[in-house]
Amino acid sequence: MSQWVNNNRGIVNIKIDIDTCTACELCYDRLPEVFVDRGDGIPLVMIKVPIERVYEKLLQTAEDCPSGSIILY
Ligand code: SF4
C-alpha cells in the first residue's frame, strides 16, 4: 500500500511493505499523525497534518523501523 504526499521538498511516497512488517507498533505509536493501526497491527498511511510538520520524524521513524518496512522515495 502506498500514498503520495505533497510537501515543500517535492513529493514523498510512503510505502509500507506488509510482507515484512512485524506489527511492532513503533510507527503509529511514534507518529500517529501519519500511521494508524489497521486493526491487525499492520499500519495504514493516513496523513492528518501537513507532511512538512512531521517530515524529519517520518525520516527517523522509517530509519528506526526494525524490519525496514517503511519505504520513502
Ligand atoms: S515500525 Fe515497521 S515493523 Fe513496526 S509496525 Fe511500523 S512498519 Fe511494521
Side-chain angles (χ1 to χ4, degrees):
M1 78 194 76
S2 63
Q3 179 173 339
W4 287 99
V5 177
N6 288 304
N7 67 78
N8 61 6
R9 298 160 198 251
I11 294 174
V12 62
N13 186 262
I14 306 170
K15 186 177 179 182
I16 305 296
D17 187 339
I18 61 173
D19 292 328
T20 58
C21 171
T22 59
C24 75
E25 304 181 7
L26 179 147
C27 55
Y28 42 84
D29 276 357
R30 186 186 291 180
L31 199 50
E33 301 93 336
V34 175
F35 302 103
V36 295
D37 180 357
R38 72 177 187 181
D40 61 356
I42 302 292
L44 290 173
V45 178
M46 292 185 68
I47 313 292
K48 305 175 194 82
V49 296
I51 197 66
E52 59 269 21
R53 208 184 291 170
V54 294
Y55 190 76
E56 297 301 326
K57 207 170 166 184
L58 173 62
L59 294 180
Q60 190 61 54
T61 301
E63 192 176 315
D64 292 345
C65 170
S67 58
S69 302
I70 303 171
I71 301 145
L72 308 177
Y73 55 99

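Every value quoted in this text rests on a predicted model; they were computed, and no experiment measured them. Counting starts at 1 for both ligands and their atoms, following the listed order. What you see below is based on every heavy atom in this structure, not just the backbone, and it leaves out hydrogens, waters and symmetry mates.
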May I ask you to list the atoms of ligand 1 that are less than 4.0 angstrom from any heavy atom of Glu25?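 Result: 4 (Fe), 5 (S).
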
Using the side-chain hydrogen bond (donor to acceptor under 3.5 Å, both in side chains) criterion, which residues pair with Ser67? Sequence neighbours excluded.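 Residues passing side-chain hydrogen bond (donor to acceptor under 3.5 Å, both in side chains) with Ser67: Ser69.
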
Spell out, yes or no, whether Leu59 and Leu26 are grouped together once hydrophobic residues are joined by side-chain heavy atoms under 4.5 Å, including indirect joins.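 Leu59 and Leu26: separate clusters.
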
Could you pull out the N/O/S protein atoms under 2.8 Å of atom 2 (Fe) of ligand 1, ignoring any water?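 Correct list: Cys65 SG.
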
Treating Lys15 as the side-chain partner and Tyr73 as the backbone partner, does any N or O pair qualify as donor plus acceptor under 3.5 Å?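 Not confirmed, Lys15 side chain does not pair with Tyr73 backbone.
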
Where is the tightest heavy-atom contact between Val45 and Phe35, given as atom of each residue plus distance?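 So the two residues come closest at CG2-CE2, 4.1 Å.
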
Rounded to the nearest 0.5 Å, how far apart are CD1 of Ile71 and OG1 of Thr20?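 Taking CD1 in Ile71 and OG1 in Thr20, the distance rounds to 6.5 Å.
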
Output the distance between atom CG (Asp37) and atom CD1 (Ile42), rounded to the nearest 0.5 Å.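 Here the rounded value is 8.5 Å.
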
